[in-house]
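In the text below, chain A, chain B and the rest are named by the order of the sequence lines, each starting its count at 1.
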Protein chains: 2
Amino acid sequence: MPEEAEKTYTRADEAFDCIQTSIVKGELAPGEKIGELELCTRFNLTRGPLREALGRLESRGLLVRRPHAGVKVVSVSASELVELYRIREVMEGLAARQAAERMTDSEIADLQATLDAHEQMIDEAQGQAYYQAEGDYDFHHRIATGSRNTKLAQMLLGDLYYMVRMYRYRLSTSAGRPHRALGEHRRIVEAIAQRDGELAEFLMKRHINAARRNIEKQIQDGVLTI
Amino acid sequence: MPEEAEKTYTRADEAFDCIQTSIVKGELAPGEKIGELELCTRFNLTRGPLREALGRLESRGLLVRRPHAGVKVVSVSASELVELYRIREVMEGLAARQAAERMTDSEIADLQATLDAHEQMIDEAQGQAYYQAEGDYDFHHRIATGSRNTKLAQMLLGDLYYMVRMYRYRLSTSAGRPHRALGEHRRIVEAIAQRDGELAEFLMKRHINAARRNIEKQIQDGVLTI
DNA sequence: ACGTTTTGGATTGTTGACAATATAAGGCTT
DNA sequence: AAGCCTTATATTGTCAACAATCCAAAACGT
């Protein structure tokens, strides 16, 4: 047999995943105060593992906790969301540069293939923001892991993306943006394929910059109220 | 009365702080396997709060945990340490730029004052690496918080610095480096005082780059074996 | 009627006992 | 003698009861 990376899952892991996805999907709204007992009944577990999971979620910044007072889902202000994109800009810029230096040829080929798939998704699911977002997430995910920088990938995938995705669900991507974003993705992968790390970094930073400006515009227009 | 931000500390918070500092100070060596009972007796607490603290520490990447097998302190390889500095380069570059835009005049004055204090420390405690490291930490800490970017500060202060400090204790700063580092700090603060964000970013990136090269040299020379 | 204090309820923090699992030692087979 | 399997121990994961704390509603005084 090739490889059995089967990790035994504990109840706390389970709780962590469940609550995290619930927050990201918006089933637990930002700012909402949640009781431990309520969570226990909802996810079928006892308070021991739950509290361990809450500790992890707090440390990741998805929850805020006041002793004896309870837990509530973190609510990110509009300005804080913009700040998140400023961080993404520099970190993913680095990830793109290191990915250009370190991704294998087959990984790059895979990446190009997924871009084709994304294009189809955009054409088919015309305006289905959800699938566009998933495709975008997939792209950035691959670059992060492709950087071969363990901590960088961990910070991007484990911290930033979850917070960004919390708001992806309510962000209306403006009309032409998906196609333009795909084009930007293509150029980034081209730079990576040519092993031009400097260019990949530049293009990735500009790509996220554009996304940030798009959000700032929505905030100004009052479309996005947080 | 002005403001009472007195937070009630729970046993789990206590455990978290204790274990974290123990790891950073090297009292718990990297790679060391530690039992829960041992930790309980050492820090005088029971397993409930302890496990919550362990969850937080794992999520921050200071521990690795295998179900039913135990916890062990994370051990960062030499190459991973270098990668950490690559992340610091871009993130602290951003922090410096935003600090230049957002720090108050009095904060900047304070920062300049601390640099004077650092200079004295370096002169007095000739070669006392510990105090140099603390001064250096203080400088970077102030810039991170001065950026007014909550998440950025959280990631730098809560994640990266602890991992870097784990190794600061065993890194021998090369002969002339403290003075040169102080000079670099001075120029960064100058740029911030002039509200030149672009320059501050550039200088900060170069500063951390130099620190990284210093470490790489130590690794090559075999001084630092991880 | 409004603000302050007090008390009750509910929720969180903590504890110790119980169940499940991995590591390690010992015996068996080849 | 070496390798595999079995078993025993110790450690971790889980649970349910107890204690401490905060929040809100009611009672009191002004």
Side-chain angles (χ1 to χ4, degrees), chain A residues 1 3-20 22-23 27-75, chain B residues 1 3-20 22-23 27-75:
Chain A
M1 55 204 93
E3 201 170 321
E4 285 213 51
E6 61 175 294
K7 212 199 162 197
T8 61
Y9 270 89
T10 170
R11 302 295 272 270
D13 292 325
E14 217 179 303
F16 180 76
D17 288 339
C18 285
I19 299 174
Q20 181 166 244
S22 284
I23 292 175
E27 291 162 20
L28 293 171
E32 184 179 346
K33 182 184 169 291
I34 45 185
E36 293 187 358
L37 281 168
E38 193 191 326
L39 288 174
C40 287
T41 57
R42 193 193 262 210
F43 297 111
N44 253 51
L45 34 88
T46 52
R47 287 184 59 215
L50 177 81
R51 285 181 63 80
E52 200 183 315
L54 291 181
R56 287 197 239 174
L57 287 164
E58 185 197 16
S59 151
R60 292 216 174 171
L62 285 172
L63 296 177
V64 307
R65 227 171 162 186
R66 245 190 23 217
H68 299 282
V71 242
K72 70 176 208 272
V73 182
V74 77
S75 78
Chain B
M1 58 205 89
E3 202 170 324
E4 285 212 50
E6 59 175 294
K7 214 200 162 197
T8 60
Y9 269 89
T10 171
R11 304 295 273 267
D13 292 325
E14 218 179 304
F16 180 76
D17 288 339
C18 285
I19 299 174
Q20 180 165 246
S22 284
I23 292 174
E27 290 162 20
L28 294 171
E32 185 179 346
K33 181 183 169 291
I34 46 186
E36 293 187 358
L37 282 168
E38 192 190 327
L39 288 174
C40 287
T41 57
R42 194 194 263 212
F43 297 111
N44 252 52
L45 34 89
T46 54
R47 286 183 58 216
L50 177 81
R51 286 181 61 81
E52 198 184 317
L54 290 181
R56 287 198 239 174
L57 287 164
E58 185 196 17
S59 150
R60 293 217 173 169
L62 284 172
L63 296 177
V64 307
R65 229 171 158 185
R66 246 187 25 215
H68 297 282
V71 230
K72 70 176 208 264
V73 181
V74 76
S75 78

Enumerate the residues from residues 35-45 of chain A whose closest heavy atom to DNA chain C is under 4.0 Å, giving them by residue number; use none for an empty result.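 Under 4.0 Å from DNA chain C: Gly35(A), Glu36(A).
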
Which heavy atom of [X] sits nearest a heavy atom of [Y], and at what distance?
X	Y	value
Ser75(A)	Gly31(A)	CB-N, 3.9 Å
Val74(A)	Gly61(A)	CG1-O, 3.5 Å
Lys33(B)	Ala69(B)	CE-O, 3.4 Å
Phe16(A)	Ala53(A)	N-CB, 3.7 Å

Once you round it to whole Å, what is the distance between [atom2] of [N] and [atom1] of [X]?
X	N	atom1	atom2	answer
Ile34(B)	dT11(D)	CD1	C1'	14 Å
Leu50(B)	dT15(C)	CG	P	11 Å
Arg11(A)	dA16(D)	CZ	P	10 Å
His68(B)	dA19(C)	NE2	C1'	10 Å
Glu52(B)	dT12(D)	CD	C1'	17 Å
Glu14(A)	dG13(D)	CD	C1'	13 Å

Taking the side chain of [X] as heavy atoms from C-beta outward, which of [options] is closest to it?
X	options	value
Thr46(A)	dA16(D), dT15(C), dC22(D)	dA16(D)
Arg47(A)	dT14(D), dG13(D), dT14(C)	dT14(C)
Thr10(B)	dT12(C), dT14(D), dT14(C)	dT14(C)
Arg65(A)	dG13(C), dC15(D), dT12(D)	dG13(C)
Pro49(A)	dT14(D), dC22(D), dG13(D)	dT14(D)

N/O (side chain, Arg66(A)) to phosphate O (OP1/OP2, dT21(D)) under 4.0 Å: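 No, Arg66(A) has no side-chain N/O under 4.0 Å of OP1/OP2 on dT21(D).
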
Does the distance from a Lys or Arg side-chain N to an Asp or Glu carboxylate O, for Asp17(B) and Arg56(B), drop under 4.0 Å? no

Are any of the side-chain heavy atoms of Leu54(A) and Glu36(A) separated by less than 4.5 Å?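 They are in contact (side-chain heavy atoms under 4.5 Å apart), so the answer is yes.
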
Using a cut-off of 4.0 Å on non-hydrogen atoms, how would the nucleic acid contact of Arg51(B) be classed: base, sugar-phosphate, or nothing? base

